[in-house]
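So the structure is just underneath, and the comments pick up after that.
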Amino acid sequence: MPFFSSAPPPPPPPSWEIDAALQHDFAKACAIVIAVSLTTHMIARFLPLHDVKTLQQRKTITLEHRVEAGERLLLTPFWTVIAYLAINATLELKGSRDLR
């Protein structure tokens, strides 16, 4: 496009501003995930932990074992919920484009 063109200038790029409601929802979701994560790690402190191979109760429990137990407590239901949401989203796309 020449410098002295009579063509109108190109439109400005879209705005990338995030509205307050989306920021609030994001902050709330982050707080929920952090709270649930801390809760599962606290619950893991009171659970008897067993060795995976021998299935006998561990005599010495390290922080690594506690963190692993807390992650398992958190991630098993988390991925179940993610799978449920993905299946529901897929089923919503089942119909024609006009029905969506």
Side-chain angles (χ1 to χ4, degrees):
M1 181 166 92
F3 183 70
F4 294 107
S5 173
S6 61
S15 174
W16 292 101
E17 294 180 19
I18 300 174
D19 62 339
L22 184 60
Q23 289 177 357
H24 182 264
D25 289 344
F26 179 74
K28 187 167 59 170
C30 288
I32 289 171
V33 169
I34 291 170
V36 170
S37 178
L38 291 175
T39 303
T40 57
H41 283 82
M42 291 305 296
I43 290 172
R45 292 191 57 81
F46 301 108
L47 294 177
L49 299 180
H50 297 271
D51 189 8
V52 178
K53 295 180 181 176
T54 63
L55 298 179
Q56 294 179 0
Q57 190 167 354
R58 292 185 187 267
K59 296 190 182 357
T60 58
I61 299 173
T62 63
L63 179 62
E64 181 182 358
H65 296 133
R66 294 289 180 196
V67 169
E68 182 180 342
E71 286 178 354
R72 286 183 188 231
L73 283 173
L74 173 67
L75 294 179
T76 302
F78 175 76
W79 288 114
T80 305
V81 169
I82 294 295
Y84 171 76
L85 292 173
I87 290 169
N88 278 344
T90 302
L91 292 176
E92 286 179 3
L93 296 175
K94 185 177 174 183
S96 68
R97 193 182 310 173
D98 298 331
L99 294 176
R100 288 186 218 155

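Everything numeric here is computed off the predicted structure, so don't read it as measured data.
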Q.
Taking side-chain hydrogen bond (donor to acceptor under 3.5 Å, both in side chains) as the cut-off, I'd like each qualifying pair that reaches into residues 74-87, sequence neighbours left out, listed once.
A.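 Counting only pairs at least two positions apart or across chains, the side-chain hydrogen bond (donor to acceptor under 3.5 Å, both in side chains) contacts touching residues 74-87 are Y84-N88.
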(Q) For E17, is the CD atom crowded, meaning more than 12 foreign heavy atoms sit under 6.0 Å from it? (A)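 At most 12 heavy atoms, drawn from other residues, nucleotides or ligands, come within 6.0 Å of this atom.
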Q | Neighbour count above 12 (heavy atom, 6.0 Å) for Q57 CD | A |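 More than 12 heavy atoms, drawn from other residues, nucleotides or ligands, come within 6.0 Å of this atom.
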Test of understanding: with side-chain hydrogen bond (donor to acceptor under 3.5 Å, both in side chains), list the residues that count as partners of [X], not counting sequence neighbours.
{"X": "E68", "value": "R72"}
{"X": "R58", "value": "H65"}
{"X": "D19", "value": "none"}
{"X": "D51", "value": "T54"}

Could you state the interatomic distance from [atom1] ([X]) to [atom2] ([Y]), rounded to the nearest 0.5 Å?
{"X": "I61", "Y": "R66", "atom1": "CD1", "atom2": "CZ", "result": "4.0 Å"}
{"X": "L63", "Y": "H41", "atom1": "CG", "atom2": "NE2", "result": "8.5 Å"}
{"X": "I82", "Y": "L75", "atom1": "CD1", "atom2": "CG", "result": "10.5 Å"}

Q.
With salt bridge (charged side-chain N to carboxylate O under 4.0 Å, His left out) as the rule and sequence neighbours excluded, what pairs involving residues 24-50 come up?
A.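 Passing the test, one end in residues 24-50: no pairs.
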Q.
Between H24 (side chain only) and A20 (backbone N and O only), is there a donor and an acceptor less than 3.5 Å apart?
A.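 Between the backbone of A20 and the side chain of H24 there is no qualifying donor-acceptor contact (under 3.5 Å).
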Q: Identify whether L73 and V67 are in the same connected component of the hydrophobic contact network (ILVMFWY, side-chain heavy atoms under 4.5 Å).
A: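 Cluster IDs for L73 and V67 differ.
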Q) Is it true that L74 and I32 fall in one hydrophobic cluster, defined by side-chain heavy atoms closer than 4.5 Å? A)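 Shared cluster, yes.
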Q) What heavy-atom pair brings G70 and T40 nearest, and what distance separates the two atoms? A)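 Residues G70 and T40, closest heavy atoms: O-OG1, 3.5 Å.
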